[in-house]
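Accompanying notes for the structure given below.
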Amino acid sequence: MPPSRLLCCALSLVFACAAAPPPDVERRVDQLLARMTLDEKIGQMSQGASLGSPVSERSRQEIRAGRWGSFLSTIAFADRAEAQRIALHESRLSIPLLFGRDVIHGYRTMLPIPLAQAATWDPALVEQGARVAAREASADAIHWTFAPMLDIARDPRWGRISEGAGEDPYLAAALAAAQVRGYQGPSLDAPGSIAACGKHFVGYGAVEAGREYNSAWIPEILLRSVYLPPFHAASDAGAATFMSAFSAINGVPATGNEFLLRGVLRGEWQFDGFVVSDYGSVDELVTHGYAADQADAALKGVRAGVDMEMASNAYHAHLKALVAAGKLDEKLIDDAVRRVKFRLGLFDKPVPAAPDPTVFLAPESLAVARRLAAESAVLLKNDGALPLAGSIGKLAVIGPLADSPLDQMGCWTVDGRAGDVRTFLASLRERLGADRVIYAPGLKTPRDTARDGFPAALEAARAADAVLLFLGEDANMDGEARSRAFLDLPGAQAALAKEIAAAGKPVIEVIVAGRPLTFQETAAQARAVLYVWNPGTMGGPALADLLFGDAVPSGRLPVTFPRTVGQVPIYYAHLNTGRPPGPNDLGIPLGTPVDPHGFLSKYIDVDYTPQYPFGFGLSYSTFEYSAPRLSASSVPLGGRLDVAADVTNTGRYEADEVVELYIRGLVASVARPVRELKGFARVRLKPGEKRGVSFTLSTADLASYDAHMHLVTEPGAFQVWIAPDSDRGIPGEFRVTQ
Ligand code: BGC
């Protein structure tokens with residue numbers, strides 16, 4: 001019997017992470033803990049940044065000595081297998097290593113970026129996507145992903161907006177739970193499961209001015225109403241781990257934040273997994289001005305509840321001395337070690353001899369990736385130019401992103417390979433035949449400013465019946481440390497679009513980007529605009545399906561698109577203010593300061609409304625919504641209300657429609673947003689088909705935080721909408737009574 005099996009039989013540590021460990025397991029964990037030296041315990045609380053590839057002599061010695069519990073960024077399966085062999089056969093206690101990795105939106109099969117996945121509004125499909133990623137990663141001996149990212153982001157300047165689910169806590173919470181289920185499967189020791197990590201706890205998405213690693217100031221009521229719910233949902237779904245954020249929230253760095261980690265996460269939510277710091281964020285407690293030196297940082301990290309330190313060396317260097325000096329209670333260390341590994345089913349996972357190659361890029365995984373890419377594309381404009389007729393003569397494919405596998409995959413494609421990507425260009429050629437596609441990139445990259453490719457692009461446009469213009473950002477412009485102060489198309493792309501428009505051919509813009517961009521001028525020149533984000537390995541075939549009507553666009557924006565960066569932060573669930581502008585207070589031409597038309601909460605130089613509201617997305621078909629029907633006009637506290645509307649497909653295409661449920665609490669002791677998402681459903685309707693779509697709301701679903709941080713439903717008047725986006729719909733009214 002191999003040692004890993006032996007150990008497993010000895011310890012029987014086989015259970016899912018979220019369930020309270022059986023007493024038997026607790027006893028065995030106690031037995032192992034009792035045998036561990038303080039150094040070995042600290043080792044289990046430490047994650048090494050790199051093993052070396054092949055595994056370095058230094059790593060070998062350190063693993064033998066029990067110095068590391070986990071590694072990040074290991075490169076090859078062979079390295080992980082070798083390191084695990086050393087841990088199991090050559091270290092004193094044979095405790096297996098835990099291999100973590102940034103499996104953010106797929107492993108080999110790259111799925112659309114998380115923000116794109118959020119645009120599907122399809123938790124079941126997003127769950128399948130996470131499952132695909134988990135299967136592939138686990139086949140390669142990865143145990144743990146640093147995903148999902150659950151930071152609510154209302155500022156597209158922040159580059160990491162691409163890694164999360166956008167601006168809304170309800171949608172983000174639904175997707176958080178779906179991803180945790182997908183990664184972790186039925187239990188962590190099940191084949192193809194990996195541990196999830198809800199990150200970055202918490203408030204990182206609110207960094208001031210969208211500037212990376214900046215500080216966030218979030219009143220507790222906003223924290224509880226908006227920023228915490230996705231994390232809470234992940235915890236309730238059984239997420240095995242959480243990662244503390246780099247940023248400071250209300251002056252206290254998240255990595256040293258006892259209120260958040262011990263108070264909210266462990267205390268209020270009863271989270272019993274473990275918390276890992278972000279990369280070097282324990283050390284950074286000093287830089288923040290929150291810890292005097294590295295020893296103080298280590299002390300504050302452990303006290304706050306960071307069980308494992310990622311990449312930096314503070315725990316190694318200081319915890320032992322802190323215990324010896326009586327400054328740190330060893331019980332806190334035991335508690336951290338107990339959480340770290342024993343609950344991951346790790347002891348029962350035999351080390352695979354070699355990865356099964358059939359798991360990677362399996363046809364069923366590619367099918368999930370293709371569906372995700374198709375469902376995440378958001379049709380922002382269409383005057384009938386789409387779908388294209390299959391009989392179209394020649395198509396000009398222009399733009400720097402038409403044939404760029406890395407950009408198509410997007411940020412965090414650690415294990416994705418360019419050669420696996422089916423690019424937009426390749427797929428269109430496949431579909432139409434190479435002779436019907438005229439390709440002229442116009443610019444070498446999205447940031448290129450040289451215009452020497454313009455003449456060939458113009459010639460291609462002139463020679464074609466329609467133009468597909470691929471614009472956007474390269475994959476390096478979003479993700480970590482990629483904040484922007486401008487949201488427009490970089491390089492000479494706007495100029496390219498203008499030049500192409502002059503050819504007079506129908507232009508369809510395909511925008512490839514990891515964040516909302518501002519691009520009205522080019523959109524105005526186009527007959528259709530499809531926002532495909534970074535759609536991943538299968539983005540090409542999915543786009544071809546959409547362009548030619550084999551699939552109908554059904555994605556909805558998970559985040560508000562501003563008209564201009566000066567409106568940021570802009571989000572649908574804002575408060576009404578004392579002077580809200582009305583629908584006629586719009587229409588101010590961009591860049592032309594005019595009379596303010598009254599002293600209202602708006603701008604004098606741009607419409608105050610967004611370019612595209614949250615929840616927005618067109619279809620090739622059209623849908624009509626009836627007014628909502630309510631099961632009662634008043635509902636007592638503790639009661640339930642059914643809300644239904646008829647949704648009719650009034651167009652020519654069978655299509656999915658995402659039906660959104662919003663409420664507004666008209667009066668409360670703390671004023672409430674003008675709308676709050678409370679439900680959604682994806683329904684498929686044939687042309688002419690009418691379906692009643694209904695939702696049930698309990699009065700608890702209507703609750704909000706009062707000034708004392710109690711989640712309460714205050715009696716009073718409410719509005720409710722069943723609508724295609726956050727801006728449209730016919731309101732219904734009801735009252736909640738005592
Ligand atoms: C990021 C995390 C990531 C970690 C490990 C950090 O810089 O903030 O999101 O999981 O690195 O790569």
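Note that the coordinates shown come from a computational prediction; the quantities given were computed from them, not determined experimentally.
- Using modelled atom types, one finds no donor on one side chain facing an acceptor on the other under 3.5 Å when comparing Tyr572 with Asp725.
- Remark: Arg417 CZ is loosely packed, at most 12 non-hydrogen atoms of other residues, nucleotides or ligands lying under 6.0 Å away.
- A distance of 9.0 Å separates CG in Leu428 from CZ in Arg431, rounded to the nearest 0.5 Å.
- No side-chain donor from either of Thr109 and Thr537 sits under 3.5 Å from a side-chain acceptor of the other.
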Test side-chain contact (heavy atoms from CB on, under 4.5 Å) applied to Asp452 and Lys444, step by step
CA-CA 10 Å; Asp452 46 332; Lys444 288 191 189 67; 4.1 Å; yes
The test is side-chain contact (heavy atoms from CB on, under 4.5 Å); show your working for Val507 and Ile398 and say whether it passes. CA-CA 10 Å; Val507 174; Ile398 296 174; over 6 Å; no
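- The shortest heavy-atom contact between Gln184 and Arg131 is C-NH1, 3.9 Å.
- Atom OG1 in Thr423 sits 9.5 Å away from atom CD in Glu430 (nearest 0.5 Å).
- Side-chain N or O atoms of Asp465 include none that pairs as donor or acceptor with a backbone N or O of Ile392 at under 3.5 Å.
- Under the 4.5 Å side-chain criterion, counting only non-hydrogen atoms from C-beta, Leu386 is in contact with Leu547.
- In terms of modelled atom types and a separation under 3.5 Å, the side chain of Arg556 and the main chain of Gly617 share a donor-acceptor contact.
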Audit row: Asn649, Ser621, side chain to side chain donor-acceptor pair (under 3.5 Å) steps and yes/no:
CA-CA 7 Å; Asn649 183 341; Ser621 215; 2.6 Å; yes
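- The neighbour count for Glu654 CD, taken as heavy atoms of other residues, nucleotides or ligands under 6.0 Å away, is above 12.
- Across Leu487 and Pro516, no two heavy atoms sit closer than the pair CD2-O, 3.9 Å.
- When all heavy atoms of Pro562 and Gln611 are compared, the pair lying nearest together is O-CB, 3.5 Å.
- Ring geometry for Phe561 versus Tyr531: interplanar angle over 60°, hence perpendicular rather than tilted (30 to 60°).
- Counting only distance, with no hydrogens or angles, the side chain of Trp533 and the backbone of Pro112 share no donor-acceptor pair below 3.5 Å.
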field: Residue pair Thr564, Thr518: steps toward the side chain to side chain donor-acceptor pair (under 3.5 Å) verdict
entry: CA-CA 6 Å; Thr564 176; Thr518 52; 6.0 Å; no
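- Here the side chains of Tyr107 and Thr145 are not in contact, with every heavy-atom distance at 4.5 Å or above.
- With contacts defined as side-chain heavy-atom distances shorter than 4.5 Å, the pair Phe360/Pro355 qualifies.
- Annotation for Arg728: atom CZ counts as buried by contact number, over 12 foreign heavy atoms lying within 6.0 Å.
- Shortest non-hydrogen contact noted between His105 and Met110 is O-CE, 3.2 Å.
- A donor-acceptor pair under 3.5 Å links the side-chain atoms of Gln179 to the main chain of Leu175, judged by distance alone.
- Using cut-offs of 30° and 60° for the angle between ring planes, the Phe616 and Tyr612 rings count as parallel.
- Between the side chain of Ser726 and the main chain of Pro613, no donor-acceptor pair closer than 3.5 Å is present.
- Under the 3.5 Å distance criterion, the side-chain polar atoms of Glu657 are left unmatched by any main-chain donor or acceptor of Leu685.
- Less than 6.0 angstrom separates the ring centroid of Trp121 from the ring centroid of Phe614.
- One finds no salt bridge joining Arg108 and Glu136 here, because no Lys/Arg side-chain nitrogen approaches an Asp/Glu carboxylate oxygen to under 4.0 Å.
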What's the verdict on side-chain contact (heavy atoms from CB on, under 4.5 Å) for Tyr625 and Val693, showing C-alpha distance, side-chain angles and the deciding distance? CA-CA 10 Å; Tyr625 286 63; Val693 180; over 6 Å; no
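- For the atom pair CG (Leu111) and CG (Leu372), the distance works out to 6.0 Å, reported to the nearest 0.5 Å.
- Here the side chain of Thr648 pairs no donor or acceptor atom with the backbone of Lys690 at under 3.5 angstrom.
- How far CD1 of Ile161 is from CG of Asp151: 11.0 Å, rounded to the nearest 0.5 Å.
- When Arg484, Gln493, Arg447, Arg482 are each tested for a side-chain hydrogen bond (donor to acceptor under 3.5 Å, both in side chains) with Glu473, only one passes: Arg484.
- Here the side chain of Gln567 pairs a donor or acceptor atom with the backbone of Tyr608 at under 3.5 angstrom.
- The existence of a salt bridge linking Asp403 and Arg429 is excluded, since no basic side-chain nitrogen approaches an acidic carboxylate oxygen closer than 4.0 Å.
- Panel note: side chain Asp656, backbone Val658; no donor-acceptor pair is recorded below 3.5 Å.
- In this structure, Asn382 and Ala528 approach most closely via the heavy-atom pair OD1-CB, 3.8 Å.
- Interatomic distance, Leu618 CG to Leu380 CG, rounded to the nearest 0.5 Å: 7.0 Å.
- From Leu469, atom CG reaches atom CD1 of Ile508 across 10.0 Å, with rounding to the nearest 0.5 Å.
- Atom CZ of Arg682 has more than 12 heavy atoms from other residues, nucleotides or ligands within 6.0 Å.
- Atom CD of Glu689 has more than 12 neighbouring heavy atoms from other residues, nucleotides or ligands inside a 6.0 Å radius.
- Between Arg101 and Asp140 no salt bridge is recorded (no basic side-chain N to carboxylate O distance below 4.0 Å).
- Side-chain contact between Pro400 and Phe470 is absent, with no heavy atoms from C-beta onward closer than 4.5 Å.
- Salt bridge present: Lys199 and Asp102 bring a charged side-chain N and a carboxylate O closer than 4.0 Å.
- In terms of heavy atoms, Leu425 sits closest to Val397 at CD1-CG1, 3.9 Å.
- Under the 4.5 Å side-chain criterion, counting only non-hydrogen atoms from C-beta, Trp158 is not in contact with Pro569.
- Inter-residue side-chain proximity for Leu432 and Phe548 is flagged as met; some heavy-atom pair is nearer than 4.5 Å.
- Counting heavy atoms from C-beta outward, Val368 and Leu366 have side chains that stay 4.5 Å or more apart.
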Worksheet entry | Residue pair Arg563, Tyr603: steps toward the side-chain contact (heavy atoms from CB on, under 4.5 Å) verdict | CA-CA 12 Å; Arg563 293 172 190 275; Tyr603 299 98; over 6 Å; no
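- Side chain of Arg515 to backbone of Pro156: a donor-acceptor contact under 3.5 angstrom is found.
- At a threshold of 4.5 Å between non-hydrogen side-chain atoms, the residues Glu660 and Trp721 do not count as touching.
- Contact check on Glu499 versus Arg451 returns no salt bridge, with no Lys/Arg side-chain nitrogen under 4.0 Å from an Asp/Glu carboxylate oxygen.
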